[in-house]
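Note that these values count all heavy atoms, side chains included, but never hydrogens, waters or copies made by symmetry. If you're wondering where the values come from, they're calculated on a predicted model, not measured in any experiment. First the proteins, then the strands, lettered A, B, ... as listed; each starts at 1.
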Protein chains: 2
Amino acid sequence: MKARGESSGEGAVYHHGDLRRHLIEVGERLLEERGVEGFTLRECARRAGVSPSAPSHHFGNVTGLLTAIATVGFDGLSEAQEAALVGAGDAPGARLRAIGGAYIRYALAHPGRFRVAFGHMPLNHEDPDLVTAGTRALEILRRELRALRGEPTGQTGDRDFDAAVALAWSAVHGFARLLIDGQLFAVDPSLDHDTYLNDIADRTLELLIRSFVGGSSSGPKSTRRRT
Amino acid sequence: MKARGESSGEGAVYHHGDLRRHLIEVGERLLEERGVEGFTLRECARRAGVSPSAPSHHFGNVTGLLTAIATVGFDGLSEAQEAALVGAGDAPGARLRAIGGAYIRYALAHPGRFRVAFGHMPLNHEDPDLVTAGTRALEILRRELRALRGEPTGQTGDRDFDAAVALAWSAVHGFARLLIDGQLFAVDPSLDHDTYLNDIADRTLELLIRSFVGGSSSGPKSTRRRT
DNA sequence: TGTACATCAGTGAACGCGCGTTCACTGATGTAC
DNA sequence: TGTACATCAGTGAACGCGCGTTCACTGATGTAC
């Protein structure tokens with residue numbers, strides 16, 4: 001956590017060393033605590049222990065910092081999905097279940113990132129890093145869905161495929177959002193948070209996947225980590 | 001639009017007559033234009049042509065006004081769904097398709113309301129009107145899904161049913177959000193906005209409904225209004 | 001190994017601005033008699 | 001029908017605050033010779 005510029009036991013450091021990354025972390029937390037409406041560069045600076053004008057050296061303005069957080073958000077989502085695919089097995093639907101579960105768990109673990117990546121916030125939407133990161137995350141779903149349907153990759157214009165992508169993405173994305181926004185609990189108020197994250201999420205994914213693979217896919221899930 | 005208090009041809013009116021409703025309308029538009037981070041009571045007052053302190057007479061603070069907008073949002077959603085059910089027919093899945101389509105169209109027609117109702121914003125979450133309105137909207141889906149499955153209404157604790165509700169809600173909600181947030185276009189960049197709202201939305205709903213009713217339900221949709 | 005200098009990274013005081021909120025007020029409306 | 005008065009609905013000036021941004025600065029690091 002400490003920078004290479006640090007020379008003594010004192011906390012004061014002139015050259016931080018990795019202020020950019022630190023501001024992104026701190027910004028993410030601020031976003032989770034206060035939402036966009038409470039997100040300010042000055043508060044980020046304060047939390048990073050740095051002068052009020054320091055953040056603009058790295059990001060220009062609020063939009064620049066939010067864009068950086070969104071990019072990290074998409075990259076992290078891609079990595080979480082790819083990691084979940086390792087050892088997911090080859091049973092029909094198993095790979096789709098793995099990335100769907102990873103998507104939901106990622107949103108819950110990093111709601112700040114998730115909201116800024118997918119939400120309605122001021123971003124530099126044409127920022128090349130952001131565009132690349134966003135495309136990469138969606139491409140994982142497209143690839144796995146193609147494979148599941150035994151179709152060749154590449155061509156666009158197949159609207160049945162587009163709809164399949166839209167359904168899979170919408171269902172998982174909607175579940176994640178309703179969960180982190182506290183709405184999903186209304187489905188059955190007698191259940192607690194963990195039951196939603198594990199049992200209900202599993203069953204919902206199972207229902208979704210069945211609509212892609214036909215019969216009931218592989219065994220009864222719950223390779224899921226508890227939280 | 002003019003108030004009963006108005007006495008002459010002049011625009012200046014002392015007693016507005018329906019300032020509360022007017023502020024809600026104006027606030028909704030401001031929210032669509034600038035998001036929560038640009039939402040201020042003073043700007044609402046300015047747009048309503050009223051003094052800066054007027055809004056707090058009706059809503060107390062920003063949270064109060066947002067809560068009122070959210071309540072209107074839920075109520076409008078319920079009404080849109082119930083209206084879509086009139087004349088939806090009785091074919092299996094037809095009623096589910098109707099409320100799903102209404103949900104998506106409503107989100108697109110009123111993104112400000114939609115975001116404040118379902119988003120992550122400062123609201124008085126225990127406000128009785130808000131709670132009632134939110135419950136009512138979800139209850140429509142629960143009712144129709146129960147009917148589709150031929151189950152009696154009432155009891156909770158059926159997790160398969162909970163998962164079915166979660167899937168239907170998540171899919172429709174996710175589709176709506178990804179669409180209004182401009183993300184869904186990444187599914188196939190060659191398609192335009194109208195194609196998503198009509199063709200892709202129809203196909204996606206069809207896929208979803210098939211997972212509830214088994215075979216392909218009734219005829220090929222598109223009773224949808226163009227936009 | 002040492003020196004001079006350029007560049008990088010962050011400082012801190014200052015500015016003007018729009019915000020929420022307060023408070024004594026006043027014009028319009030409604031009601032009792 | 002008229003009058004007195006209470007209440008309702010909004011005014012407008014004032015306040016203190018935290019914000020983004022600017023700007024001349026300075027300490028630390030890296031490089032050329």
Practice problem: Could you check B/L41 against A/G49 and say which one's nearest nucleotide on DNA chain C is further toward the 5' end? | Solution: A/G49

Practice problem: Side chain of A/H57 only, please: which of C/dG10, D/dG10, C/dC19 is the nearest? | Solution: C/dG10

Practice problem: Could you verify whether a donor N or O on one side chain and an acceptor N or O on the other, from B/T195 and B/D192, lie under 3.5 Å apart? | Solution: yes

Self-check item: Note: B/D162-A/R203 ion pair, threshold 4.0 Å (strictly below)
Solution: no

Quiz prompt | Any N/O donor-acceptor pair, A/R42 side-chain to D/dG18 base, under 3.5 Å | solution = no

Quiz item: Hey, are A/D18 and A/R21 close enough for a salt bridge, meaning a charged N less than 4.0 Å from a carboxylate O?
Solution: yes

Quiz item: Can you find a donor-acceptor pair, distance only, under 3.5 Å between A/S53 side chain and C/dG12 base?
Solution: yes

Quiz item: If you check the A/A54 side chain, which of D/dT11, C/dC19, C/dT11 turns out closest?
Solution: C/dT11

Practice problem: Starting at atom CG of B/L66, determine the distance to atom C1' of C/dG20, rounded to an integer number of angstrom. | Solution: 14 Å

Quiz prompt | Shortest side-chain distance from A/N61, nucleotide among D/dT21, D/dC19, D/dT11 | solution = D/dT21

Exercise. Tell me what B/G60 touches on the nucleic acid: a base, only sugar-phosphate, or nothing, going by heavy atoms under 4.0 Å.
Key: sugar-phosphate

Quiz item: With a 4.0 Å cut-off on heavy atoms, is A/S51 in touch with a base, just the backbone sugar-phosphate, or nothing at all?
Solution: base

Self-check item: First of A/R46 and A/S56 reached from the 5' end of DNA chain D, by closest nucleotide
Solution: A/R46

Exercise. Could you check B/F74 against B/F118 for ring pair (Phe, Tyr, Trp, His ring centres under 6.0 Å), going step by step and ending with a plain yes or no?
Key: CA-CA 9 Å; B/F74 279 124; B/F118 287 111; 5.1 Å; yes

Quiz item: Could you give the CZ-to-P distance, from B/R20 to D/dA9, as a whole number of Å?
Solution: 12 Å

Quiz item: In terms of the nearest nucleotide of DNA chain D, which residue is placed more toward the 5' end: B/P52 or A/T40?
Solution: B/P52

